Amino acid sequence: MLTKVQIRECLDTFAEMFPDAHCELVHENPFELVIAVALSAQCTDALVNKVTKNLFKKYKKPEDYLAVSLEELQSDIKSIGLYRNKAKNIRSLCETLIEKYNGEVPREHEELTKLAGVGRKTANVVVSVAFGVPAIAVDTHVERVSKRLGICRWKDSVLEVEKTLMRKIPKDEWSQTHHRLIFFGRYHCKAQSPKCDICPLLHLCREGQKRMKKEKKHA
DNA sequence: CTCCCGATAT
DNA sequence: ATATCAGGAG
């Protein structure tokens with residue numbers, strides 16, 4: 001496990017590598033963000049953006065998603081995968097927004113998680129990106145990077161990872177760090193072929209050092 | 001824990 | 001061919 005000073009070094013390095021990391025899901029309002037994040041489960045941001053480009057032209061309000069057949073909505077998001085669940089969730093989510101929230105996206109985390117297809121991670125993204133509330137959404141990248149670097153433990157659950165990160169990172173840096181962790185994971189510390197050979201944090205990364213040794217043996 | 005699932009990288 | 005992708009629900 002990394003020390004407080006070592007974690008500070010990680011945060012500073014993330015800042016140098018990705019100074020303007022941000023939410024890459026294209027959206028113009030909280031409603032579009034909720035839809036985009038709900039669609040993004042087990043799918044790349046790039047693909048979500050490709051689909052929402054047309055989707056957000058066709059569907060502007062919650063009512064619009066309820067005006068078409070389930071099959072039509074499925075077909076509109078099919079290329080994203082998990083499309084049956086996601087189409088069902090979006091319809092249910094829109095019904096709830098209309099019935100309980102006057103068609104608006106609620107600002108409270110607890111209310112957000114009551115929406116179909118919106119779990120803890122998605123709610124964190126929405127409160128953080130749409131409403132400016134400090135939060136750390138732990139997705140596959142944040143989890144992988146935190147575990148590889150030793151910011152948290154390998155056996156930690158997603159919730160434990162989030163708690164650890166909140167404990168070890170100053171609150172006013174949560175949202176920024178969250179996006180930098182994602183960029184670091186997405187473009188540098190990748191799942192399949194991490195760039196350990198050029199990583200500025202290799203000296204404090206057990207996992208990276210292990211990988212480099214293996215690579216040497218293979219060569 | 002399993003299932004949902006197409007697109008893309010390796 | 002297989003792993004992975006801004007996860008959530010049952």
Side-chain angles (χ1 to χ4, degrees), chain A residues 14 18 20-27 30 32-56 70-71 73-96 105 109-131 133-148 155-162 165 174-197 207 211 214-215 218:
Chain A
F14 296 152
F18 306 101
D20 40 35
H22 59 282
C23 176
E24 294 200 300
L25 292 168
V26 178
H27 65 282
E32 287 189 354
L33 180 63
V34 172
I35 300 291
V37 183
L39 288 175
S40 72
Q42 295 294 291
C43 165
T44 58
D45 278 13
L47 192 55
V48 174
N49 289 336
K50 201 184 290 182
V51 167
T52 55
K53 185 175 181 183
N54 298 320
L55 198 72
F56 292 162
L70 185 58
E71 290 72 22
L73 182 55
Q74 284 180 356
S75 147
D76 285 337
I77 64 171
K78 192 155 221 163
S79 59
I80 279 191
L82 308 182
Y83 62 91
R84 274 186 277 258
N85 288 337
K86 289 174 183 176
K88 189 150 48 74
N89 286 337
I90 287 176
R91 292 194 62 154
S92 169
L93 176 152
C94 287
E95 282 178 23
T96 308
V105 177
H109 188 282
E110 195 179 338
E111 301 301 316
L112 285 164
T113 55
K114 288 178 185 169
L115 302 172
V118 178
R120 184 176 183 82
K121 178 247 160 186
T122 299
N124 277 343
V125 173
V126 173
V127 296
S128 166
V129 175
F131 302 128
V133 178
I136 300 178
V138 178
D139 62 24
T140 179
H141 298 299
V142 174
E143 180 178 8
R144 183 181 64 253
V145 170
S146 300
K147 289 184 175 179
R148 278 183 179 166
K155 55 175 104 175
D156 283 349
S157 67
V158 175
L159 184 58
E160 286 168 333
V161 175
E162 183 184 332
L165 289 172
W174 284 359
S175 294
Q176 202 174 38
T177 301
H178 153 63
H179 285 115
R180 287 174 181 165
L181 274 168
I182 289 175
F183 271 56
F184 186 78
R186 184 180 293 161
Y187 301 115
H188 181 84
C189 192
K190 298 186 289 184
Q192 295 200 354
S193 50
K195 303 179 178 178
C196 302
D197 52 332
E207 184 64 20
R211 282 172 180 273
K214 269 189 186 173
E215 227 174 83
H218 220 62

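Just so it is clear, the structure is predicted and the values come from calculations on it, not from any experiment. All values below come from the heavy atoms of this structure, side chains included, with hydrogens, waters and symmetry mates left out. Residue numbers start from 1 in every chain, and the chains themselves are labelled A, B, ... in the order their sequence lines are given, proteins ahead of strands.
Shown here are the side-chain hydrogen bond (donor to acceptor under 3.5 Å, both in side chains) partners of A/Glu160, two or more places apart in sequence or in another chain: A/Ser157. For the salt bridge (charged side-chain N to carboxylate O under 4.0 Å, His left out) test, no residue two or more places apart in sequence or in another chain qualifies with A/Lys50. Residues forming a side-chain hydrogen bond (donor to acceptor under 3.5 Å, both in side chains) with A/Asn124 (at least two apart in sequence, or on another chain): A/His109, A/Glu162. Applying the salt bridge (charged side-chain N to carboxylate O under 4.0 Å, His left out) rule to A/Glu143 yields the partners A/Lys147; only residues at least two apart in sequence or on another chain are considered. In terms of the side-chain hydrogen bond (donor to acceptor under 3.5 Å, both in side chains) criterion, residue partners of A/Ser175 (sequence neighbours excluded) are, by chain and number, A/Ser128. Partners of A/Ala21 according to the side chain to side chain contact (heavy atoms under 4.5 Å, CB included) rule, which considers only residues two or more places apart in sequence or in another chain, are A/Phe18, A/His179, A/Arg180, A/Phe183. The side-chain hydrogen bond (donor to acceptor under 3.5 Å, both in side chains) check on A/Glu24 picks up A/Arg186, A/Tyr187, with sequence neighbours excluded. Evaluation of the side chain to side chain contact (heavy atoms under 4.5 Å, CB included) rule for A/Val133 yields A/Val127, A/Phe131 as partners, not counting sequence neighbours.
For the pair A/Ser193 and A/Tyr83, nearest-nucleotide mapping onto DNA chain B gives the more 5' position to A/Tyr83.
The residue A/Lys50 sits close only to the backbone: its heavy atoms come under 4.0 Å of sugar-phosphate atoms, none of a base.
With the 3.5 Å cutoff on both pairing distances, Watson-Crick and G-U pairs in DNA chain C assemble into runs of at least 3 at B:1-4 with C:7-10, B:6-10 with C:1-5.
Look at the P atom in both B/dT2 and C/dA6: the space between them is 23 Å, to the nearest Å.
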For a quick test of your reading: what N or O donor-acceptor pairs under 3.5 Å do the side chains of residues 73-85 of chain A make, sequence neighbours left out?
{"from": "A/Asp76", "atom 1": "OD2", "to": "A/Lys58", "atom 2": "NZ", "distance (Å)": "2.8"}
{"from": "A/Asp76", "atom 1": "OD2", "to": "A/Tyr59", "atom 2": "OH", "distance (Å)": "2.6"}

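For A/Glu95 and A/Arg91, the salt-bridge test fails: no basic side-chain N is under 4.0 Å from an acidic carboxylate O.
For DNA chain B, the outermost nucleotides in 5' to 3' order that have an atom under 4.0 Å from a heavy atom of chain A are B/dC4 to B/dT10.
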(request) Sugar-phosphate atoms are those with a prime plus P, OP1 and OP2; base atoms are the rest. Using that split, label each nucleotide of nucleotides 3-10 of chain C B, S or - for protein heavy atoms under 4.0 Å, 5' to 3'. (result) BSBBBSS-

